[in-house]
Amino acid sequence: MIKIHKDLNKIPKSLQDKKTNEALDKMIQNKKYNNKSDKYYRAEDVKEELAKIYFSKCAYCETRIEATEIDHFRPKSIYYWLAFSWDNLLISCRTCNSKKWDQFKIKNQREVYDPNDRANIHSLGLKYNLSEDQFLINPEQVDPEALIEYELNGSIQSNDEKMNSTIKELKLNRGFLIQNRKSLIDEIEKKFQGHKNLTLEIIQEYIDDLLKSINDKDNPYLGLRKYYIKNYLIKFLKNL
């Protein structure tokens with residue numbers, strides 16, 4: 001996971017139009033989500049904007065995804081009034097989305113709809129985080145990069161309670177992800193190891209390429225790339 005920056009003032013038009021608001025008002029009146037309303041948060045401009053913000057990568061595992069699957073950070077089955085809220089919509093891979101599903105454990109009392117919040121419906125996340133104190137990390141609201149430790153075998157861990165809960169709930173150490181992260185580490189190291197005449201100039205060139213890779217937002221597993229450079233690269237080069 002990496003920190004994601006979303007402009008809460010740049011709300012897709014589909015989430016603000018008349019029909020969407022009418023559907024939302026009806027759900028608020030009935031106090032439950034209507035499955036026929038999926039089309040409103042799945043509108044093309046919503047998917048396109050989320051794909052840009054997340055660079056077509058899962059919010060949780062950072063794997064590149066072809067088809068945008070929209071996840072409600074706070075499940076719409078519980079928080080029906082947040083079904084179209086801009087700060088509650090993320091994109092995720094199908095596996096992370098299915099692991100998360102409708103789970104949303106909190107420490108304090110769960111929020112309920114408050115008519116006074118209707119005008120701020122697209123930016124209630126931070127307020128709810130403080131009041132509910134949930135166990136899952138939202139990468140738009142918390143910097144997960146400061147909380148995750150990457151092992152050379154591709155696994156991840158954390159000493160932070162909420163990050164550790166997120167890793168466990170979403171199975172972020174599932175085999176596919178560990179293999180992908182380990183493959184990336186191997187790819188980085190083999191580039192150095194496979195060169196017969198590894199001069200300082202060549203080492204610098206490889207390091208420059210590696211640094212460039214963390215500035216390319218399209219690359220998957222940026223969190224791992226940054227962590228490796230900061231915590232493992234110098235030690236690895238010393239042992240060459």
task: Go through the steps for Tyr150 and Tyr232 under the test ring-ring contact (aromatic ring centres under 6.0 Å, His included), then give the verdict.
output: CA-CA 10 Å; Tyr150 292 84; Tyr232 293 122; 9.1 Å; no
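- Of all the heavy atoms in Pro12 and Val46, the pair that sits closest is CB-CG2, 3.9 Å.
- Rounding to the nearest 0.5 Å gives a distance of 7.5 Å between CG of Asn153 and CD1 of Ile185.
- Salt-bridge check for Lys127 with Asp117: passed, with a basic side-chain N closer than 4.0 Å to an acidic carboxylate O.
- Under the 4.5 Å side-chain heavy-atom criterion for Ile, Leu, Val, Met, Phe, Trp and Tyr, Ile70 and Leu8 are members of the same hydrophobic cluster.
- A 4.5 Å side-chain heavy-atom check between Val142 and Leu147 finds at least one atom pair inside the cut-off.
- The two atoms that bring Tyr221 and Cys61 nearest to each other are CE2-O, 3.3 Å, heavy atoms only.
- Met163 approaches Pro144 most closely through the heavy-atom pair SD-CB, 4.0 Å.
- Ring centroid separation for the pair Phe192 and Tyr206 comes in under the 6.0 Å cut-off.
- Within the 4.5 Å cutoff, the side chain of Met1 has heavy atoms near those of the Tyr60 side chain.
- Taking CD1 of Ile91 as the reference point, atom CG of Leu50 lies at 6.5 Å (rounded to 0.5 Å).
- Inspection of the Gln204 and Asp208 side chains reveals an N or O donor paired with an N or O acceptor under 3.5 Å.
- Shown here for Arg64 and Pro220, the closest heavy-atom pair between the two residues is CG-CB, 4.2 Å.
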Stepwise side-chain hydrogen bond (donor to acceptor under 3.5 Å, both in side chains) test for Asp102 and Ser77: CA-CA 7 Å; Asp102 287 345; Ser77 60; 3.1 Å; yes
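- The minimum heavy-atom distance between Asn219 and Lys57, with the atom names listed, is O-NZ, 2.6 Å.
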CA sep, side-chain torsions, deciding dist, call: Asp133, Leu130, side-chain contact (heavy atoms from CB on, under 4.5 Å): CA-CA 5 Å; Asp133 198 13; Leu130 291 173; over 6 Å; no
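- Atom CD1 of Ile156 is separated from atom CD1 of Ile178 by 8.5 Å, given to the nearest 0.5 angstrom.
- Side chain of Glu69 to backbone of Ile65: no donor-acceptor contact under 3.5 angstrom is found.
- The closest donor-acceptor contact from the side chain of Trp81 to the backbone of Asp114 lies at 3.5 Å or more, if one exists at all.
- Between Lys26 and Asn34, every side-chain heavy-atom pair lies at or beyond the 4.5 Å cut-off.
- Ring centroids of His72 and Tyr79 are separated by 6.0 Å or more, keeping the two rings apart.
- Listed for the Ser85 side chain is a donor-acceptor partner under 3.5 Å among the backbone atoms of Ile121.
- Taken from CZ in Arg181 to CG in Asp186, the straight-line distance is 13.5 Å, to the nearest 0.5 Å.
- You'll find the side chain of Arg118 reaches within 4.5 Å of the side chain of Leu24, heavy atoms only.
- Note: the hydrophobic cluster containing Leu184 also contains Leu237 (ILVMFWY, side chain heavy atoms under 4.5 Å, direct or indirect links).
- Although no hydrogens or angles enter the test, the distance criterion places no donor-acceptor pair under 3.5 Å between the side chain of Glu49 and the main chain of Ile11.
- Note: the hydrophobic cluster containing Ile106 also contains Ile78 (ILVMFWY, side chain heavy atoms under 4.5 Å, direct or indirect links).
- The shortest side-chain heavy-atom distance between Pro139 and Leu90 falls under the 4.5 Å cut-off.
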task: Might you work through the side-chain contact (heavy atoms from CB on, under 4.5 Å) test for Ile148 and Tyr227, ending with a clear yes or no?
output: CA-CA 9 Å; Ile148 299 176; Tyr227 191 91; over 6 Å; no
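- Of the possible donor and acceptor atoms, none in the side chain of Asp216 sits under 3.5 Å from a partner among the backbone N and O of Lys212.
- The pair Lys47-Glu44 meets the salt-bridge criterion, with a side-chain N (NZ, NE, NH1 or NH2) lying under 4.0 Å from an Asp/Glu carboxylate O.
- Partner of Glu169 under the salt bridge (Lys or Arg N to Asp or Glu O under 4.0 Å) criterion, out of Lys100, Arg174, Lys105, Lys162: Lys105 alone.
- For Leu222 against Ser213, the heavy-atom pair with the smallest separation is CD2-O, 3.5 Å.
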message: Please evaluate residues Gln134 and Asn129 with respect to the criterion side-chain hydrogen bond (donor to acceptor under 3.5 Å, both in side chains), reporting the C-alpha separation (whole Å), side-chain torsions for both, the decisive distance (0.1 Å), and the verdict.
response: CA-CA 6 Å; Gln134 82 282 354; Asn129 289 351; 3.3 Å; yes
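- Looking at Leu89 and Leu15, their side chains come closer than 4.5 Å, going by heavy atoms from C-beta outward.
- Proximity of a side-chain donor or acceptor of Asn30 to a complementary backbone N or O of Lys32 within less than 3.5 Å is not detected.
- For Glu189 and Tyr228, the side-chain atoms include at least one donor-acceptor pair closer than 3.5 Å.
- In terms of hydrophobic clustering, with Ile, Leu, Val, Met, Phe, Trp and Tyr side chains grouped at heavy-atom distances under 4.5 Å, Trp101 and Phe135 are assigned to different clusters.
- Judged by distance alone, the side chain of Ser14 and the main-chain N or O of Tyr40 form no donor-acceptor pair under 3.5 Å.
- Taking 4.5 Å as the limit, some side-chain heavy atom of Glu161 sits within range of a side-chain heavy atom of Lys107.
- Without hydrogens or angle criteria, Asp87 side chain to Leu124 main chain gives a donor-acceptor distance under 3.5 Å.
- Taking the six-membered ring wherever Trp is involved, the centroid distance between the rings of Tyr113 and Tyr80 does not fall below 6.0 Å.
- The line from CG of Leu177 to CG of Leu224 is 11.5 Å long, rounded to the nearest 0.5 Å.
- If you run side chain to side chain donor-acceptor pair (under 3.5 Å) between Glu140 and each of His5, Lys6, Lys3, only Lys6 comes through.
- Residues Tyr33 and Asp38 bring a donor and an acceptor atom of their side chains to less than 3.5 Å of each other.
- Under the 4.5 Å side-chain heavy-atom criterion for grouping Ile, Leu, Val, Met, Phe, Trp and Tyr, Ile188 is connected to Ile203 within one hydrophobic cluster.
- Although no hydrogens or angles enter the test, the distance criterion places no donor-acceptor pair under 3.5 Å between the side chain of Ser155 and the main chain of Glu151.
- Atom CD in Glu149 sits 9.0 Å away from atom CD1 in Ile167 (nearest 0.5 Å).
- Between the side chains of Glu111 and Ser131, at least one donor N or O lies within less than 3.5 Å of an accepting N or O.
- Between Arg225 and Asn215, the side chains place no donor N or O within less than 3.5 Å of an acceptor N or O (distance only, hydrogens not considered).
- The side-chain heavy atoms of Thr20 and Tyr41, taken from C-beta on, include no pair separated by under 4.5 Å.
- Judged purely by atom type and a 3.5 angstrom limit, Asn173 has no side-chain atom pairing as donor or acceptor with the backbone of Lys168.
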